[in-house]
Number of protein chains: 2
Amino acid sequence: MTTDKRLIEAAAKLLDAGGEEAVTLRAVGHAAGVSHNAPYKHFANRSALLAAVAAVSFADLAQAMATIRRSRRTPTKKLMATLNLFMDYSREHPARYRLLFNNPETAAAGGELKIKALETFEHFRSIVQECQETNNLPSAPIGTLASLIFATVHGLLAIEGNGQLHPEKGLSSVEASMEILLGLLAPSKA
Amino acid sequence: MTTDKRLIEAAAKLLDAGGEEAVTLRAVGHAAGVSHNAPYKHFANRSALLAAVAAVSFADLAQAMATIRRSRRTPTKKLMATLNLFMDYSREHPARYRLLFNNPETAAAGGELKIKALETFEHFRSIVQECQETNNLPSAPIGTLASLIFATVHGLLAIEGNGQLHPEKGLSSVEASMEILLGLLAPSKA
DNA sequence: ACCTGAACACCGTTCAAGT
DNA sequence: ACCTGAACACCGTTCAAGT
């Protein structure tokens with residue numbers, strides 16, 4: 001495997017294991033078997049390395065979503081599967097999830113990263129559209145509806161990760177909240 | 001003003017102006033007119049100082065929400081005003097907003113910070129409840145409904161802050177998305 | 001009780017070399 | 001072309017004093 005791939009992989013592993021602060025160039029270099037400043041021969045700086053991690057992570061998500069999209073399932077089931085994908089990702093890789101969806105630097109980035117991110121949203125949007133076409137979601141503008149549903153899972157996951165979702169206090173789980181949302185959004189079958 | 005208040009204020013100002021990375025203890029100390037390690041006489045460490053900033057910020061938000069809650073407005077208008085409060089806060093103090101609602105350390109914290117955070121949610125929940133009672137929101141469990149609506153603004157604002165809300169690409173603004181959500185949630189006046 | 005200056009370990013980044 | 005080791009500036013944190 002080429003050095004740059006190994007650096008990205010090492011950075012991702014450190015990120016998952018210890019959060020963003022654990023991703024030091026020294027640790028990344030060491031984990032990849034090179035010196036602490038070899039990364040600079042492959043990436044402009046630490047941010048660029050993290051951006052590369054984000055890009056491959058978006059690509060992974062996009063691929064998983066493409067598989068769901070192609071599968072033989074009802075649109076509603078596809079949407080559920082996609083939402084579950086996000087939930088699992090957020091819970092198994094919280095720091096990575098934050099890097100993808102909650103990081104000012106990721107926001108500012110363009111190039112490869114931006115393209116991969118847009119691909120991910122495009123899959124999501126398409127699945128939401130299928131649900132609309134089968135009359136399982138209201139006929140609001142597709143972009144608005146898709147961003148609304150995505151933002152809701154995202155927001156719920158953020159709050160959950162922040163420990164501000166308190167099932168014991170009457171607040172509900174991400175799953176339950178999403179079910180309620182989709183239930184309320186579903187057009188009454190008149 | 002006491003030194004600890006001045007330290008919190010200086011930290012908040014630096015946070016708003018330059019993001020979390022700009023909040024170095026050296027800069028905070030300097031801005032407050034003390035040495036770079038005087039903060040340690042008032043706070044256990046940098047995290048504790050940021051937690052104090054979060055606590056006063058939550059208190060400010062809670063107070064603004066209490067005012068809205070007490071005002072002579074329809075429940076729906078109160079809810080709108082509260083949502084606008086979050087939107088303004090996120091746009092005017094993005095780094096601070098992230099500290100409050102998107103920070104693993106804030107999550108782990110207890111004490112004063114946790115209490116202030118819960119107070120904020122309590123106001124929000126109460127306003128949502130008013131909307132339910134006047135039949136402007138469906139009769140889902142209050143905790144679930146409140147967290148759902150809050151998570152949605154929060155998620156939309158996170159995406160907006162991340163530059164992933166693209167009005168030009170058919171995705172919509174936070175305001176428009178929230179209006180659609182509340183419109184769809186509103187029980188049909190039968 | 002509250003503050004300061006020196007010191008330490010760690011980090012991102014740069015630079016001059018090495019193959 | 002790719003990598004390394006030394007060096008620099010900066011940071012959080014600790015410690016021994018100072019009033």
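Every chain is numbered from 1 and lettered A, B, ... according to where its sequence line falls, protein lines coming before strand lines.
For the atom pair OG (Ser90(A)) and CZ (Arg96(A)), the distance works out to 13.0 Å, reported to the nearest 0.5 Å.
Annotation: side chain to side chain contact (heavy atoms under 4.5 Å, CB included) contacts of Gln63(B) (sequence neighbours excluded): none. Applying the side chain to side chain contact (heavy atoms under 4.5 Å, CB included) rule to Phe43(A) yields the partners Asp4(A), Leu7(A), Ile8(A), Ala48(A), Leu49(A), Ala52(A); only residues at least two apart in sequence or on another chain are considered.
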Discussion item. Run His93(B) and Leu15(B) through side-chain contact (heavy atoms from CB on, under 4.5 Å) and show every step you take.
Written reply: CA-CA 8 Å; His93(B) 315 281; Leu15(B) 181 63; over 6 Å; no
Practice prompt. Report the C-alpha distance between Glu20(A) and Arg98(A) in whole Å, list the side-chain angles of each, state the deciding distance to 0.1 Å, and finish with yes or no for side-chain contact (heavy atoms from CB on, under 4.5 Å).
Written response: CA-CA 9 Å; Glu20(A) 198 187 308; Arg98(A) 276 171 51 81; 6.0 Å; no
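Between Phe150(A) and His154(A), the ring center distance clears the sub-6.0 Å criterion. In this structure, the ring of Phe101(B) has its center less than 6.0 angstrom from the ring center of Phe58(B).
For the segment residues 32-51 of chain A, the set of residues with a heavy atom within less than 4.0 Å of an atom of DNA chain C comprises His36(A), Asn37(A), Tyr40(A), Asn45(A), Arg46(A), in numerical order. For the contact set between residues 10-27 of chain A and DNA chain D, defined by any heavy atom under 4.0 Å, the members are Arg26(A).
Using a distance-only test at 3.5 Å, with no hydrogens or angles considered, a donor-acceptor pair links the side chain of Lys78(A) to the main chain of Arg69(A).
Secondary structure note: stems in DNA chain D built from 3 or more consecutive Watson-Crick or G-U wobble pairs under 3.5 Å occupy C:4-8 with D:12-16, C:12-16 with D:4-8.
Annotation: side chain of Ile149(B) is in contact with side chain of Leu137(B) (closest heavy-atom distance under 4.5 Å).
With hydrogens and angles left out, the side-chain atoms of Arg26(B) and Thr24(B) include no donor and acceptor closer than 3.5 Å. Side-chain contact, Thr144(A) with Ser177(B): no donor N or O sits under 3.5 Å from an acceptor N or O.
Salt-bridge formation is detected for the pair Arg91(B)/Glu175(B): a Lys NZ or Arg NE/NH1/NH2 atom is positioned less than 4.0 Å from an Asp or Glu carboxylate oxygen.
A 4.0 Å heavy-atom criterion places the boundary nucleotides of DNA chain C facing chain A at dC11(C) to dC15(C), written 5' to 3'.
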